Amino acid sequence: MSEADDCLFCKIIAGQIPSTKVFEDDTTYAFKDINPKAKVHVLVVPKHHYANVAELAAADPAELAHIVAVAQHIADESFHGAFRLVFNTGLDAGQTVFHVHAHVMTGEKLDE
């Protein structure tokens, strides 16, 4: 079994696990975080499995740029375009699902 076969986010993308979809296109899926840290907290993931943002950047920089554009779209729709974008890379940095995902936080003024 590959990492992708047992990946929580791959199962969400495939529709095997329910999520609240915010955005989807051919390469990217975005859904509400189940443990939000802001009024609007959305996870943006590539449909192709990459373990972390460094792996994604090396393999498909265009998809990484697209994820940022999707984050901007979400912020434009949810708040006046301001947003925080966070990628946790590695267990010691707080990454708990090893499928790269961007945390888009917006919808309110965020503390520093």
Side-chain angles (χ1 to χ4, degrees):
M1 181 182 299
S2 74
E3 275 185 52
D5 291 336
D6 197 37
C7 172
L8 174 67
F9 289 168
C10 288
K11 290 177 180 177
I12 289 172
I13 293 163
Q16 297 170 348
I17 295 175
S19 66
T20 303
K21 180 171 62 173
V22 173
F23 175 89
E24 182 175 19
D25 64 17
D26 291 341
T27 64
T28 309
Y29 187 76
F31 57 98
K32 290 185 178 181
D33 193 298
I34 62 169
N35 187 21
K37 305 297 185 207
K39 185 175 179 182
V40 175
H41 187 166
V42 174
L43 301 180
V44 182
V45 300
K47 289 183 175 180
H48 186 83
H49 184 92
Y50 300 97
N52 58 51
V53 70
E55 186 176 298
L56 172 61
D60 192 351
E63 177 60 20
L64 179 54
H66 181 61
I67 287 171
V68 175
V70 170
Q72 184 66 67
H73 170 76
I74 291 165
D76 289 344
E77 295 287 317
S78 304
F79 200 47
H80 56 75
F83 66 99
R84 179 173 294 155
L85 186 64
V86 176
F87 289 92
N88 298 326
T89 301
L91 190 59
D92 289 340
Q95 186 176 8
T96 57
V97 177
F98 291 87
H99 181 128
V100 63
H101 54 286
H103 294 261
V104 180
M105 291 168 275
T106 187
E108 62 190 336
K109 184 173 178 4
L110 300 171
D111 293 334
E112 291 183 26

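From a predicted model like this one, the values you see are computed outputs, not experimental measurements. Start at 1 with the first residue, then count along the sequence.
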Practice task
Answer whether the closest heavy-atom distance between the side chains of Y50 and L64 falls below 4.5 Å.
Solution key: no
Problem - Minimum heavy-atom distance P36-H41, with the two atoms named - result: CA-ND1, 3.5 Å
Handout entry: A38 to T106 - nearest heavy-atom pair and separation
Key = CB-O, 4.0 Å
Completion exercise
Residues H66 and T28: closest non-hydrogen pair is CD2-OG1, 2.9 Å
Fill in the blank from the handout: side chain to side chain contact (heavy atoms under 4.5 Å, CB included) filter on N88, not counting sequence neighbours, yields V86, Q95, H103
Exercise for the section: Check the hydrophobic clustering (I, L, V, M, F, W, Y; side-chain heavy atoms under 4.5 Å; chains of links allowed) and say if V45 and V97 are grouped together. Expected result: yes
Practice task
Verify the cluster assignment for Y29 and V22: are they in a single hydrophobic cluster under the rule of side-chain heavy atoms below 4.5 Å apart?
Solution key: no
Exercise for the section: Flag the pair V40 / V104 as yes when at least one side-chain heavy-atom distance between them is below 4.5 Å, and no otherwise. Expected result: no
Practice task
Treat each ILVMFWY residue as a node, draw an edge where side-chain heavy atoms are under 4.5 Å apart, and state whether F31 and V42 are in one component.
Solution key: no
Exercise for the section: Check whether L56 and F23 end up in the same hydrophobic cluster, where Ile, Leu, Val, Met, Phe, Trp and Tyr are linked by side-chain heavy atoms less than 4.5 Å apart. Expected result: yes
Practice task
Count the heavy atoms of every other residue, nucleotide or ligand shown that sit under 6.0 Å from CG of D92, and state whether that count exceeds 12.
Solution key: no
Problem - Minimum heavy-atom distance G81-Q72, with the two atoms named - result: O-NE2, 3.1 Å
Exercise for the section: To the nearest 0.5 Å, tell me how far K21 NZ sits from I13 CD1. Expected result: 12.0 Å
Handout entry: Expected output: side-chain K47 to main-chain E24 donor-acceptor under 3.5 Å
Key = no
Handout entry: Cluster check F9, F98: I/L/V/M/F/W/Y, side chain < 4.5 angstrom
Key = no
Handout entry: Heavy-atom check, side chain of T27 versus side chain of H48, under 4.5 Å
Key = no
